Amino acid sequence: MNLNLLAPDFESRLRALDRGKTYLVYCRTGNRSVKAIQAMERLGFRSVYHLYEGIVGWQKKGLPLSRAS
């Protein structure tokens, strides 16, 4: 699921998510995802993981990316 941190309905879309589930939050470099996680924590999400340094950091480590076809 993709949620745009900059979208006007970002927080309302977060509120619609199940706070009991586990989420992995990431963006390109890790900067926006930190802000998203802060919003999630304010809303009571407890199981949230952050992809440190985002997709760029993932690729620097030589880890694979896959796209849905």
Side-chain angles (χ1 to χ4, degrees):
M1 159 186 317
N2 290 320
L3 297 180
N4 181 352
L5 175 71
L6 303 177
D9 66 344
F10 175 72
E11 285 210 21
S12 66
R13 292 190 67 192
L14 278 183
R15 285 186 189 95
L17 298 177
D18 183 347
R19 287 167 180 79
K21 289 189 176 184
T22 300
Y23 297 91
L24 170 66
V25 181
Y26 67 93
C27 66
R28 183 176 171 274
T29 61
N31 294 318
R32 286 169 293 161
S33 53
V34 167
K35 293 177 184 177
I37 289 171
Q38 290 169 345
M40 292 174 84
E41 288 173 346
R42 280 193 308 274
L43 293 172
F45 288 83
R46 298 286 180 237
S47 185
V48 181
Y49 293 89
H50 182 233
L51 182 61
Y52 180 72
E53 295 182 346
I55 294 298
V56 169
W58 183 268
Q59 289 179 305
K60 281 183 184 176
K61 291 181 172 122
L63 298 167
L65 290 181
S66 175
R67 288 184 175 223
S69 50

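In this text the structure is predicted, and so the values were computed from the model without any measurement. Basis for what follows: all heavy atoms, side chains included, without hydrogens, waters or symmetry-related copies. Counting from 1, the numbers follow the sequence of the chain as shown.
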- Message: With rounding to the nearest 0.5 angstrom, report the CG to SG distance, Asn2 to Cys27.
- Response: 11.5 Å

- May I have the step-by-step check of side-chain contact (heavy atoms from CB on, under 4.5 Å) for Val34 and Val25, ending in yes or no? CA-CA 8 Å; Val34 167; Val25 181; over 6 Å; no

- Task: Consider only side-chain heavy atoms of I, L, V, M, F, W and Y, link residues closer than 4.5 Å, and tell whether Met1 and Leu6 are in one cluster.
- Result: no

- CZ of Arg28: more than 12 outside heavy atoms within 6.0 angstrom? no

- With Tyr26, which residues qualify under ring pair (Phe, Tyr, Trp, His ring centres under 6.0 Å), at least two apart? none

- Query: Arg42 and Glu11: side-chain contact (heavy atoms from CB on, under 4.5 Å), yes or no, with the steps?
  - Reply: CA-CA 10 Å; Arg42 280 193 308 274; Glu11 285 210 21; 3.3 Å; yes

- Message: Quick check for you: to the nearest 0.5 Å, what is the distance between Arg13 atom CZ and Leu5 atom CG?
- Response: 12.5 Å

- Item | Minimum side-chain heavy-atom gap Tyr23-Asp18 below 4.5 Å | yes

- Task: Group every Ile, Leu, Val, Met, Phe, Trp and Tyr by side-chain heavy-atom contacts under 4.5 Å, then state whether Trp58 and Leu24 land in the same group.
- Result: yes

Output a table of donor-acceptor pairs, distance under 3.5 Å, between side-chain atoms of residues 47-57 and any protein atom two or more places apart or on a different chain; print 'none' if there are none.
from, atom 1, to, atom 2, distance (Å)
Ser47, OG, Thr22, OG1, 2.9
His50, NE2, Gly30, O, 3.4
His50, NE2, Ser33, OG, 2.7

- Message: Checking Asn4 now: which residues fulfil side chain to side chain donor-acceptor pair (under 3.5 Å) with it, not counting sequence neighbours?
- Response: none

- Message: With rounding to the nearest 0.5 angstrom, report the CZ to CZ distance, Arg15 to Phe45.
- Response: 10.0 Å

- Rounded to the nearest 0.5 Å, what's the gap from CZ on Phe10 to CZ on Arg32? Could you check? 11.0 Å

- Query: Do Arg19 and Met40 come within less than 4.5 Å of each other through their side chains, counting heavy atoms only?
  - Reply: no

